Every structure is written in structure tokens, then in C-alpha cells.
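Notes follow the structure.
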Amino acid sequence: MYVLGIETSCDETGVAIYHSRQGLINHLLYSQIVMHNEYGGVVPELASRDHIRKLVPLIKQCLQESRLKNSDISGIAYTAGPGLMGALLVGAATALSLAWSWQIPAIAVHHMEGHLLAPMLEANPPEFPFVALLISGGHTLLVQVEGIGRYQLLGESLDDAAGEAFDKTAKMLGLGYPGGPKLSALAECGRPRIKFPRPMTDRPGLDFSFSGLKTFALNTINASEKSGQDKADIAASFQDAVADTLSIKCKRALQQTGLSRLVVAGGVSANQKIRASLKEMAAKEHAQIYFPRLQFCTDNGAMIAYAGCQRLMAGQQQGLEIFARPRWPLSELSQVQG
Ligand code: KG4
Ligand code: ZN
């Protein structure tokens, strides 16, 4: 079956078509980054309006490029949360209107489940069970995954998400939005000479806290001469601290669960330093590590089409009433048997 996937939870309009046997057929992404950059962060109302402008043309283009007709599509998957309410509503209303007019089922997809399953789109996908580290702009989660919808939360951030810490620190360094990739580019020219804390690694447990790193960065910036080199060194030191902290917690999660597969996904998993540090840790632990390709680390329609296809194939579907949840715990998802 061909499934159309729609992602509109934040600042990217993503559309994709996934086929249950052939795999990913096509995916398109329209990023609103340039528009929000002017304001230093995502402006929710502007995000919703831009999704309205871009979503339907993107769906048409995706079908055309795939040489598929509307009638070839057997199901529609859309991101129903978590995310910005207005942005989610655009995706939900569009998906459900199309499902009604095409007389096909629709399925609400959890954005973080989309991220978690993104490595399944790669040539060598992980088998269940595994530990998943999900690091995005809004969430930092460590999850024990036994199957689709079988998620046990091992740890989460008690304050800022990893991506949020990157974005806020980047802003303090005078870099634009989104800060993660910009900070990481600046860190290339820096030396990690400043010893940032590794928050919550000196006590047991798998929770995270990143807001202290941001404060530490601010104090360090204020105490420095604010030269270009100082800023690059601060960026490199901050990035090392996040990478180290994530590696320490993932190592602990692998040891605690006895599992030997680690999946890392979400926007921050595009960070090369973090990827390298986690790979090194996994090798030492004799664990296999899996990442999505770089373009599927950040938000995209392909992961939503994939997750929705698995649930639709298992016979799940929703009614035509709009379902959108800005907050939606992963633990509330239903299991997919198999
Ligand atoms: O998963 P995502 O695209 O959207 C959310 O679900 O939030 O993640 C976006 C986050 C932003 O905070 C962005 O700064 C961060 O991922 N990010 C990065 C990198 N690329 C994106 N952080 C660090 N290094 C990167 N290369
Ligand atoms: Zn995301």
C-alpha cells in the first residue's frame, strides 16, 4: 500500500510517500528557517500560515514526481503531536479532508515515534529490542523499545531539551536560528579548552538537565574577551559537554537494560561530534549503533509516512474528527503486534 505522510509540527513542511513493500518512494521538504531567522526563533502564527501556503502544492508535487494518482494512495499519516497547535492543525485538517474525499483511512502519528523509527528507512535497519536516544528541539528522551508502540521511558530532560540548549547557547554567541547547526559549524574552528560541567552524570539515573550548560556558557562568554576565537572555543567546549553527557547516559542505559543496540535520532543526531562520540562509546560497549541519514535526523515527512504505514498495516486507523495534541506522552501510544 502507498501511504502519504504529512509533517507540519513546527517549522518544516514535510511530505512523503512510502510503500509497504517497495519502501520510500519520494519525499519533499519545505523549510521555513529563512522566515523565522529574522525573528531569532519560530513564530508559531507565521509557521501555521506558511504550512497552509505550502502543504497542498507540496503534496501535488510529491504525487506528480512519483507518477502516482490520488487513487493510488491507500492511507494518509499525519503528525498529530507533540508540536505547535496551529501548525499541527494545518496537517490534521489537510490529512483528514483528503482522507474523506479519497475515501481512505487516516492515522495520527506521534512526532517522536516518527523520529524513533526514522533509522528503519536505512539499508541496515535495527531489529527490536533497542535503546533509543531521541534528541530534538523540544525533547530529550531515552527509551527502551521492544517494538512499535512498546516504549518504556528510561530518562528524559528535566529542563531544556538538547536542541533547545544548542539553540539558546547559539543565540548568546550571536549566531542565528536554528542555532544547532550554526554552533556546530563555529565549534569546528574552536578548541574545547573550557571545562563545562557534564550535568547529572555524577549521580545514578538516566535523566538529563541541560539548562545549567546554557548558564555556564553565558558566564563564560561574559568573562571572556568575546573575540571570535573565544566564541569558537566556547562553542567547541559546550558541544563536547553535550556529546560527553549523552554518551555517558547512553552507556548507562545499555548497561542497565542489557541491550546491545542503540538508535539515535532527532535533529541533534545530525551533529557530527555527537555522532562520533556515541559511535566510539558503542564500539567500546560492543553495541551496534544506528542513525538516520542526515536529512532524516531533522523533521521530515518520510518518517511520518513510515510510522503511519506500520500502524495502518496493523489495521489501526482513526475517525475523521480532528486529532491534534501539542503535548502527547509517548507512553499513551498503542502497541503494534508483531
Ligand atoms: O527534530 P528536529 O528537526 O525538530 C524537533 O522535533 O524539535 O530538531 C531540531 C533541533 C534544533 O534545536 C536544532 O538546533 C537541532 O535540532 N539541530 C542540531 C543540528 N542540526 C539540528 N543541533 C546540533 N547540531 C546539529 N548539526
Ligand atoms: Zn522533530
Side-chain angles (χ1 to χ4, degrees), residues 5-14 16 27 29-33 36-37 40-42 44 47 51 78-84 87-88 91 109-119 132-141 156-157 160-173 175-188 190 208 210-211 213-214 217 235-236 238-246 263-278 291-304 306-307 326-328 330:
I6 295 176
E7 157 63 37
T8 63
S9 66
C10 189
D11 58 353
E12 328 262 8
T13 316
H27 69 96
L29 189 79
Y30 175 80
S31 173
Q32 305 178 349
I33 281 174
H36 296 297
N37 193 9
V42 177
H51 286 307
Y78 69 95
T79 302
L84 302 171
L88 292 170
V109 173
H110 191 292
H111 183 77
M112 298 313 288
E113 177 172 83
H115 277 305
L116 191 154
L117 296 176
L133 171 70
L134 305 179
I135 35 181
S136 71
H139 296 84
T140 305
L141 304 171
E156 63 187 324
S157 178
D160 291 352
E164 196 177 354
F166 265 96
D167 293 339
K168 288 178 175 170
T169 304
K171 206 169 192 172
M172 291 189 280
L173 288 167
L175 309 171
Y177 176 83
K182 297 198 167 159
L183 188 147
S184 145
L186 179 63
E188 294 276 310
F208 303 89
F210 290 110
S211 68
L213 286 184
K214 176 187 68 190
F238 166 85
Q239 183 172 263
D240 265 24
V242 177
D244 254 11
T245 307
L246 294 173
V263 158
V264 187
V268 182
S269 68
N271 184 285
Q272 294 302 336
K273 170 73 204 179
I274 291 173
R275 286 170 95 98
S277 145
L278 287 165
F291 298 94
R293 72 192 80 165
L294 288 181
Q295 68 185 146
F296 293 161
C297 287
T298 42
D299 292 349
N300 64 85
M303 65 186 195
I304 303 303
Y306 176 84
R327 287 176 187 277
W328 187 7
L330 256 185

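No experiment lies behind these values; they were computed from the predicted model shown. In each ligand, atom 1 is the first atom listed, and ligand 1 is the first ligand listed.
Counting only non-hydrogen atoms, the option in N271, I274, I33 that gets closest to atom 23 (C) of ligand 1 is N271.
Note: F210 and F208 have parallel aromatic rings, judged against thresholds of 30 and 60 degrees for the angle between ring planes.
For T13 (side chain) and T8 (main-chain N/O), no donor-acceptor pair under 3.5 Å exists by modelled atom type. Between the side chain of K171 and the main chain of G40, a donor-acceptor pair closer than 3.5 Å is present. Between the H110 side chain and the W328 main chain, a donor and an acceptor come within less than 3.5 Å of each other. At least one donor-acceptor pair closer than 3.5 Å links the side chain of T140 to the backbone N or O of A162.
Put simply, the side chain of R275 reaches to within 4.5 Å of the side chain of Q272, judged on heavy atoms. Put simply, the side chain of S184 does not reach to within 4.5 Å of the side chain of K273, judged on heavy atoms. In this structure, P292 and P119 have side chains that are in contact, with non-hydrogen atoms separated by less than 4.5 Å.
Judged by the shortest distance from any of its heavy atoms, H139 lies outside the 4.0 Å radius around the atoms of ligand 1. The shortest separation from a heavy atom of G138 to ligand 1 is under 4.0 Å, placing the residue in contact.
For the atom pair CD (E113) and CG (L134), the distance works out to 10.5 Å, reported to the nearest 0.5 Å. Distance CG/D299 to CG/D11: 7.0 Å, rounded to 0.5 Å. Considering OG of S136 and NE2 of H111, their distance stands at 6.0 Å, rounded to 0.5 Å.
Interface of G163 with ligand 1, defined as ligand atoms under 4.0 Å from a residue heavy atom, comprises 12 (O). Set against the non-hydrogen atoms of G137, the atoms of ligand 1 under 4.0 Å away are 5 (C), 7 (O), 8 (O), 9 (C), 10 (C), 12 (O). Of all the atoms in ligand 1, the ones that sit under 4.0 Å from a non-hydrogen atom of H115 are 1 (O), 6 (O).
The shortest contact between atom 15 (C) of ligand 1 and any protein heavy atom is with V268 CG2, 4.0 Å. The closest protein non-hydrogen atom to atom 12 (O) of ligand 1 is D167 OD2, 2.7 Å. Nearest protein heavy-atom neighbour of atom 18 (C) of ligand 1: G180 CA, 3.6 Å. Looking from atom 17 (N) of ligand 1 to the surrounding protein, the closest heavy atom is G267 O, 3.6 Å.
Backbone and side-chain nitrogen or oxygen atoms of T298 are examined, and none is located within less than 3.5 angstrom of a nitrogen or oxygen of ligand 1.
Qualifying side-chain hydrogen bond (donor to acceptor under 3.5 Å, both in side chains) partners for N300, counting only residues two or more places apart in sequence or in other chains: none.
Protein N/O/S atoms found under 2.8 Å from the Zn ion (ligand 2): H111 NE2, H115 NE2, D299 OD1.
Counting heavy atoms closer than 4.0 Å to ligand 1, residue H111 contributes side-chain atoms (C-beta onward) but none from N, CA, C or O. Contact annotation for D299 and ligand 1: heavy atoms of both the backbone and the side chain come within less than 4.0 Å of the ligand.
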